[in-house]
Amino acid sequence: MSELPEFYFRVRENGAAVYRVDTENRQRRIDMTEIAVVNIKNGRVKPHGDHVLTPQETKVIADWMAEREALLARRDLDDIHRTIDHLNLTAQWAQSRADDDALEDVTDRLLMAMHDLRSVLVRKKADRLMKGDKG
């Protein structure tokens with residue numbers, strides 16, 4: 001078996017619970033002691049109970065938070081690329097396979113969602129162009 005990490009991060013919504021992993025005991029069991037709770041959204045790290053985080057623990061947690069935020073950002077962008085594919089597949093479905101009842105079921109909601117998305121994208125594009133003109 002490979003060597004276990006010193007810390008384990010149990011991912012949960014908005015962050016993780018952080019555990020120190022210990023195998024140096026008489027039973028050779030894996031003990032995990034919770035040392036902190038991390039909230040990615042607001043950047044807070046809350047030590048568990050009376051535990052005082054060491055500088056090493058603080059650094060490990062900060063490194064994990066940075067890696068996690070980067071991973072979540074990559075996933076967000078990947079989801080958007082998948083959405084583009086789904087929009088293309090939806091257009092193909094609407095053109096070639098959808099019957100009138102299916103189209104009636106989705107058309108208004110799709111049009112509203114696409115209108116909302118287009119409005120946001122156009123506004124953001126205009127903002128970027130205006131910043132470019134000022135710079």
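- Other residues sharing the hydrophobic cluster of Val120, ordered by chain and number and joined by side-chain separations under 4.5 Å: none, the residue standing alone.
- Linking ILVMFWY residues whenever their side-chain heavy atoms come closer than 4.5 Å, directly or via other members, places Ile30 and Tyr8 in the same cluster.
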Let me have the donor-acceptor pairs involving side chains of residues 11-18, under 3.5 Å, with sequence neighbours excluded, atom names and distances please.
none

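- Through chains of ILVMFWY side-chain contacts below 4.5 Å, Leu117 is grouped with Leu121.
- Scored by the side-chain hydrogen bond (donor to acceptor under 3.5 Å, both in side chains) test, Asp50 finds no partners at all (sequence neighbours excluded).
- His51 pairs by the side-chain hydrogen bond (donor to acceptor under 3.5 Å, both in side chains) definition with Glu57, not counting sequence neighbours.
- Annotation: salt bridge (charged side-chain N to carboxylate O under 4.0 Å, His left out) contacts of Asp79 (sequence neighbours excluded): Arg82.
- Taking Phe9 as the reference, Trp64 meet the ring-ring contact (aromatic ring centres under 6.0 Å, His included) condition, with sequence neighbours excluded.
- Annotation: side-chain contact (heavy atoms from CB on, under 4.5 Å) contacts of Glu69 (sequence neighbours excluded): Ile40.
- Taking the side-chain hydrogen bond (donor to acceptor under 3.5 Å, both in side chains) definition, one finds that Arg68 meets it with nothing, sequence neighbours left out.
- By the side-chain hydrogen bond (donor to acceptor under 3.5 Å, both in side chains) test, Asp63 pairs with Lys59, sequence neighbours left out.
- Side-chain heavy-atom separations under 4.5 angstrom define the hydrophobic clusters, and the remaining members of the one that includes Trp93 are Leu103, Val106, Leu110.
- Partners of Glu6 under the side-chain contact (heavy atoms from CB on, under 4.5 Å) rule, at least two apart in sequence or in another chain, are Arg20, Gln56.
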